[in-house]
Amino acid sequence: MTAEELTRLTGSADGYFEVHIDGDRWRELSAGIREGALATAVTDIAALLERTPELTREDELHAVCEQALHLARAPEITPGAPVLVSEEVSGIGRRSWQLPTESPPHYAPRAERLLARYLTPGTPRLNRG
């Protein structure tokens with residue numbers, strides 16, 4: 001992605017987040033974090049779609065924006081605390097703990113919903129070239 005393309009994408013993302021519920025979180029991020037998140041999000045969405053996202057298409061642009069915010073928030077998303085699964089009260093007493101098996105999602109849920117029609121199994125994928 002060229003610097004010019006990244007500048008255009010940043011402007012589009014800023015416009016998208018202007019009236020977005022998480023717009024304040026987006027604006028709180030430094031310009032460097034926003035640009036890095038957007039560049040990485042384009043790569044992530046390309047891997048998900050198995051092609052380069054067409055940023056002229058509204059749903060794909062918005063999916064990139066959602067993924068960028070998701071990536072920028074990633075340090076805030078932590079797995080849950082260990083869960084007590086059993087406790088022995090006789091004798092010395094013993095507790096068994098289990099870590100949650102679910103990890104934070106790799107893709108933003110909103111991005112996946114925006115791209116659902118491209119990702120639905122059995123739906124023909126029409127790609128250029």
Legend entry - Residues forming a salt bridge (charged side-chain N to carboxylate O under 4.0 Å, His left out) with R34, sequence neighbours excluded: D14

Inset, instruction - Compare all side-chain heavy atoms of L115 with those of Y107 and state whether any distance is below 4.5 angstrom. - result: no

Legend entry - Pairing residues for T56 by the side chain to side chain contact (heavy atoms under 4.5 Å, CB included) criterion, not counting sequence neighbours: E54

Inset, instruction - Would you indicate whether the side-chain heavy atoms of M1 and L55 approach each other to under 4.5 Å? - result: yes

Legend entry - Under the side chain to side chain contact (heavy atoms under 4.5 Å, CB included) test, residues paired with R8 that sit two or more places apart: E4, E5

Legend entry - cation_pi(R51, Y118) dist<6.0 Å, angle<=45: yes

Legend entry - For E35 against L6, the heavy-atom pair lying closest together: O-CD1, 3.8 Å

Inset, instruction - Say whether L61 and L114 are linked into one hydrophobic cluster, either directly or through other cluster members, by side-chain heavy-atom distances under 4.5 angstrom. - result: no

Legend entry - I45 side chain reached by E60 side chain, heavy atoms, under 4.5 Å: no

Legend entry - Residue pairs fulfilling salt bridge (charged side-chain N to carboxylate O under 4.0 Å, His left out) with at least one residue in residues 39-48, sequence neighbours excluded: none

Legend entry - With A41 via side chain to side chain contact (heavy atoms under 4.5 Å, CB included) - residues at least two apart: V64, Q67, A68, L71

Legend entry - R110 bridged to D22 by N-O distance under 4.0 Å: yes

Legend entry - Qualifying ring pair (Phe, Tyr, Trp, His ring centres under 6.0 Å) pairs, either residue in residues 39-66, two or more places apart: Y16-H62

Legend entry - Interatomic distance, C65 atom SG to H70 atom NE2 [nearest 0.5 angstrom]: 14.5 Å

Legend entry - Beyond-backbone contact of H20 with E66, side-chain heavy atoms, under 4.5 angstrom: yes

